[in-house]
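Quick notes on the structure that follows.
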Amino acid sequence: MTWVPTPYRVVARTVETHDSATLTLRPVAESLPGFRPGQFAMLYAHGVGEVPISISAIPGDGTLVHTIRAVGAVSRALHDAEPGTVIGARGPFGTAWQLDGVEDLLVVAGGIGLAPLRPVLGHLSKRTVLIAGARTPQDLLYKDELGQLSSVDTVLTVDHGDHDWHGRVGFVTEPLASLPFDPERTTALLCGPEPMMRFCARTLLGRGLAPDRIQVSLERNMQCGIGVCGHCQLGPLLLCRDGPVTGYPTARPLLSAKEL
Amino acid sequence: MASQVFDLSGLDALIGVLRADGRVVVGPLLRDDAITLAEVKSATDLPSGWGVEIGPGHYRVRRRTDTAVFGHSAGPQSWKRFLHPPHRTLMSSDSSGFHAVQDDTPDYAFLGVRACDLAAIGKLRQITGGRAPFVVAAQCTEPGEVCFCTSMGCGPAAGPGYDIALTERIDEQGQRFLATSGTAEGAAVLARVPAREAVPEDIALAEQDVDAAARNMGRAMPELDLRDLLAAGRDSAHWEAVAERCLTCGNCTMVCPTCFCVSVEDHTDLDGNAERAQRWASCFEIDFSYLHGGAVRTSGAARYRQWMTHKLGTWHDQFGTSGCVGCGRCIAWCPAGIDITEEAAVLSQTMKHGGDRR
Amino acid sequence: MPSIAVWKFTSCDGCQLTLLDCEDELLPLTEHVRIAHFLEVTSVSEPGPYDISIVEGSVSTPEEAERIRWIRDQSAILVVVGACATSGGIQALRNFADVDEFRSIVYARPEHITALATSTPISAHVTVDHELRGCPIDKGQLLEVLTALLAGRAPDLPDTSVCTDCKRRGLTCVMVAHGTPCLGPVTHAGCGALCPAVNRGCYGCFGPMNQPNVPALVPLLRRSGMGDDELHLVFRTFNANAEWS
Amino acid sequence: MTHRSNRTLQVAGLARVEGEGALHVRTVDGEVDRVELNIYEPPRFFEAFLRGRHFREPPDITARICGICPVAYQMSACLAIEDACGVRVEGPLRALRRLLYCGEWISSHALHIYLLHAPDFLGFPDGIALAREHRSVVERGLALKKAGNRIMDLVGGRAIHPVNVRVGGFYRVPTTDEIRGLTTTLRQALHDALATVEWVAAFDFPELEVPHDLMALRDVEGYPLDRGTPHISTGRSFPVAEFGDHVAEHQVPHSTALHARLDDRLFLVGPLARYSLNSDRLSPVAGEAASMAGLGPVCRNPFRSIVVRAVEVVYALEEALQIIDSYERPDAPCVEVAPRAGFGHGITEAPRGLLYHRYELDAAGRILDADIVPPTSQNQSAIEADVTAVVRSHQHLDDHGLQSLCEQTIRNYDPCISCSAHFLDLTRERA
Ligand SMILES: Cc1cc2nc3c(=O)[nH]c(=O)nc-3n(C[C@H](O)[C@H](O)[C@H](O)COP(=O)(O)OP(=O)(O)OC[C@H]3O[C@@H](n4cnc5c(N)ncnc54)[C@H](O)[C@@H]3O)c2cc1C
Ligand code: SF4
Ligand code: SF4
Ligand code: SF4
């Protein structure tokens, strides 16, 4: 149980959108144990704070890759970190996407929710459909990269289009409602705002997918990552330990309760 | 284990031995009209002849007719203060890197730990870890008006985890303590305290006193599966009713010997050095559940539900045991006198009558 | 070096003085910030813009209502300090006086005295970035805001009850153990529970906490011996104009 | 012909004074035509708010008139209400009050000497610039100030607007150990205070002898602080209850502060007055420091008030140490005070001079009327007279020089403008 982060140096920084950037971090000396898709690290910006950030790619060379959306002081400081900056990391924490025995994969992401799902894409030889939504075309993550993933059928949709946008406009539930898939073979992975995940799950259940074929990534305030701060409770779950990825049968009653 | 008997001078000698070994002995002390916990240097520091009168939102020290030193129930503080201090620095960061902080926790000996608090120490350490203190338990022979450790299976007899257990008795033969060791370390310490060998009658009397205490609990939890009750009661209208009375002040969580939640904050000085530190937090704080854009649990009802559900229900899911030991502190120190046993009882009643708000 | 300006509106000076009460930190601080305007301390007054403005006091005259807009325009970050600036202060008691009568009294000699009929917090006039509560503010919180702003982190200013601080300090609850009426359970934390530390009930000088449940406290205050009169007065003192319920 | 015989000096915002004010000076044909200390600090109507409040509230409420000398407000308020209720607080509780008051004097005087006033004598715009060249000197001043604040933190529970003061005494009295814990700090501070006297005594003081009457308290023993009877340099004195008969406040067009006159004459309160009427009452070390600093039994040069303040800091520290030495924790933190109908008066010596409170209570302890006369409004006319004198005798200076000197003249009084703007009594205006 350590509170002391392991130093990592930013070796690359890619601007993804107007408020999001992807950092590649290389250990300064020691490195953390390997991460699995869906797990997260606690990233520390010197003097500003520490927040949970999912692993957004697993290159396998000991580097950590994270995509960070600047929403407040800590995420802003991490987002702004230029190559050379030393950042602290602790982890890996939490549960991973369950991919054992998966046949067809259906991935639905909203906004920054695509980041923790990215390591899943293209790393499986399975048939994969990705539906990714964002508020505007400018908020869509990894646009160029997604186009190059030959094993993934990608559907992009935005809440509000603009004159350069020729794709879909609307919520992710719309393509989901008409998407052809085999409920007997499909596993769905959902990550995004809670209402989005609830609506998507409802649509999928309505189309015959069994609840235990749906996995969601849940979010609560987290300040330790090691189950001692108590902030990440969601009913019976301590999300830093029992989450963020959980099966829908567990998540369903929790998501439906008000202010849980 | 072998037991022995000593009087107040023996207790003083015990404190002396513990101190001689370099331990900081913490025990009950009368201060600001309450029995608080602080360093005790000799038996004369103990609140001899002081008892308490406790009720929901009510606590008064009172004079006892005898000179008992452990004749009071749980006070405003718990051992949590020492095992899991209200403020603690976690690490520091400067231009040379990230650094662990030196653990300067003294080697504690806790004197007069009641059965409920002994159980609480176990539950707390299960989560927070840290070095084990030396524990001198005081078995409870006189529970207070808000105690319900029997319902929670945590007392009044001291459960496992003590190094030495004491049972205080005052009768025609005077004031004395039956001391039993629970660990080899406890036995070694006791061996250095002048005492006489316990006779079967000493042990029988102590058992009799503790048994009587079990029948004299001020309160009880309703006898049903609390974990099921709270899971089923998630949408009960009862939470709104409690919220009308609940101040959301967080006192209950702060005084609870097992509530472990902390918030982590960053502090920086002018020279660019930084520190991360934790402080006791409470699920009654609105920011406690803050996610970018706003808190999850804003209503008083949701926050009270979180506290009680966690204590009595989801603690089982998370840590395999209840979070409540029945010490009654949350009842006494809630300014509004909200009583967790009564709320549980009322909740089960409303559930029976179909009080589901959906 | 970032520039810092300190401004005074209607107030007692106590909150500004808190900055000078940082005896150990004052000189080191001046090595990291440039004091561009601080009338109580220096004859130097630089023109704007300013990186950080600290504003003490409430708006109680037409001139002040104008000046605060100018200061907002000139300041990247606006920190308002104290009960006057955050709720209108004790002088906001006038807000409850009969306004017509009040006007005729105040403007009896309008050529000499101009005062608005109300004393209002800074946030009623311009957007503020950070608020420090208290009458006066706490020195530790002031340093916290300044060091946080310099480090670019969010200042740690909990908006919960005084009780949480009281318990962390290990104090004994004066209401439960002594029967002393106390506003701690509805008052904003930040002072470090000063009153309970001297066996006194909190009198609310940090104003209401986030979502105080005052109706639940009132019967408890009554039980501790407060009458209607006192109950009325105790919420109408240093933060009379704040949202107690 | 003197150059620039017609000129106007305008200081829009007086710096290094507490509160906000401005200065207008006009000379016509070399003669001083107009000197106005313009206090534009907004009025806060305290006396009006006090009406209808509970008799236990004034120590907390009136403290908020001034953040620089809240203890003075609390002490005068307590005395006045206790007077109305027929109670006198004596013995160890009074000693504790005196100790608290010493804390305020030390802190307030140290602030004024080092950060507000000394820069004038040494040609710096502020204490921070001063610290750049004389770091250890300013650090000494801050350490002194901190020592005063430590007393207020311990005895008052908070340095600004103390929470531990109540009518009848305190809420909690410190333990003997807590009180003794101050000793080391205060001993060091005494050392620093003596060094301060030596430091300020060497400054250059412009010549100015004020002719005004001086008024200060005088007590049966000791230097006046927490009580006493008003004495005037003319030799007269009057009981506290007659304060209102002698000191009358009136409104002037250019200021939100009321101007006061003593029996219709200009007068002065504060360190100069206090010292001149009580120099025989200084403690041994303070008395010696005063004579070493070249202060005679009377001092009428306002520029030298900085020396008097430094001597008073020495006194306050000696007094504090003496109180601490003989401290025994009182059995009860306060004496019971029951309300009764009637009037009560209270005067104490705020760091800046006499602070008078008067309350009228009904039998239930409700305040029917309140009157507060702070030092700055008593001194205002005298300050303007001083500025007039300075302008008259320093016509040869250029505008900048003259303006600085005028500002310094005002700062001699450490005027607390926030407190002077408390008044504008609603009824009085109505009348
Ligand atoms: C398991 C997990 C994985 C995440 N992965 C990513 C990711 O890959 N990329 C990304 O951009 N964001 C991710 N987030 C969200 C990210 O942690 C928050 O955006 C961040 O904590 C905001 O902190 P802040 O100080 O910048 O903002 P503020 O909104 O000012 O937040 C203040 C404080 O509240 C807490 N907090 C606020 N929002 C959250 C939140 N959503 N989750 C947990 N604590 C919060 C933090 O302690 C934070 O410091 C993840 C969150 C969780 C729980
Ligand atoms: S919930 Fe209440 S009774 Fe149970 S352990 Fe906590 S404080 Fe004691
Ligand atoms: S009850 Fe609340 S404060 Fe206590 S441990 Fe549970 S979540 Fe934390
Ligand atoms: S239950 Fe009582 S102690 Fe707990 S938050 Fe509510 S009012 Fe406060």
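Proteins come first, then strands; the chains are lettered A, B, ... in the order of their sequence lines, and each starts at number 1.
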Given heavy-atom pairs under 4.5 angstrom as the criterion, report whether the side chain, backbone, both or neither of [X] touches chain C.
| X | value |
| --- | --- |
| B:Thr298 | both |
| B:Pro86 | both |
| B:Ala38 | neither |
| B:Val255 | side chain |
| B:Ala274 | neither |

Q. Counting N and O atoms only, with roles assigned by atom type, does the side chain of B:Arg81 sit under 3.5 Å from a partner on the main chain of C:Arg168, one being a donor and the other an acceptor?
A. yes
Which bit of [X] comes within less than 4.5 Å of chain B, counting heavy atoms only: side chain, backbone, both or neither?
| X | value |
| --- | --- |
| C:His32 | side chain |
| C:Glu144 | side chain |
| C:Leu29 | both |
| C:Asn210 | both |
| C:Arg223 | side chain |

Side chains of [X] and [Y], heavy atoms from C-beta outward: is any pair under 4.5 Å?
| X | Y | value |
| --- | --- | --- |
| C:Leu220 | B:Leu247 | yes |
| C:Arg153 | B:Glu265 | no |
| B:Met254 | C:Thr164 | yes |
| B:Ile286 | C:Met209 | no |
| B:Leu270 | C:Thr147 | yes |
| C:Gln211 | B:Thr248 | no |

Q. Do you know which of C:Asn213, C:Asp159, C:Val176, C:Leu217 has the most heavy-atom pairs under 4.5 Å to chain B?
A.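 Going by pairs under 4.5 Å, I would pick C:Val176.
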Q) Relative to chain B, which of C:Ala177, C:Pro185, C:Pro219, C:Ala189 shows the most heavy atom pairs under 4.5 Å? A)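 The answer is C:Ala177.
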Q.
What's the separation between atom OG in B:Ser78 and atom NZ in C:Lys167, rounded to the nearest 0.5 Å?
A. 12.0 Å
Q: Take C:Leu150 and B:Thr268 through the test side-chain contact (heavy atoms from CB on, under 4.5 Å) and record every step on the way to the result.
A: CA-CA 9 Å; C:Leu150 294 177; B:Thr268 43; over 6 Å; no
Q.
Given B:Cys249, which partner from the list C:Cys166, C:Cys173, C:Cys163 fulfils the side-chain contact (heavy atoms from CB on, under 4.5 Å) test?
A.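 Answer to the side-chain contact (heavy atoms from CB on, under 4.5 Å) test with B:Cys249 among C:Cys166, C:Cys173, C:Cys163: C:Cys163.
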Q) Of C:Val174, C:Leu171, C:Asn199, which meets side-chain contact (heavy atoms from CB on, under 4.5 Å) against B:Asp32? A)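 Of the listed residues C:Val174, C:Leu171, C:Asn199, the side-chain contact (heavy atoms from CB on, under 4.5 Å) partner of B:Asp32 is C:Asn199.
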Q) Do B:Trp333 and C:Thr172 pass the side-chain contact (heavy atoms from CB on, under 4.5 Å) test, and can you show the C-alpha distance, the side-chain angles, and the key distance before you say yes or no? A) CA-CA 9 Å; B:Trp333 299 98; C:Thr172 296; 4.0 Å; yes
Q: Determine whether more than 12 heavy atoms belonging to other residues, nucleotides or ligands lie under 6.0 Å from atom CD of C:Glu31.
A: yes
Q | Partner chain C: residue of B:His267, B:His87, B:Glu244, B:Arg31 with the largest heavy-atom pair count (under 4.5 Å) | A |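 Top option by heavy-atom pairs under 4.5 Å: B:His267.
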Q: Given salt bridge (Lys or Arg N to Asp or Glu O under 4.0 Å), test C:Asp156 with B:Arg279 step by step and report yes or no.
A: CA-CA 12 Å; C:Asp156 171 24; B:Arg279 63 154 174 267; 2.8 Å; yes
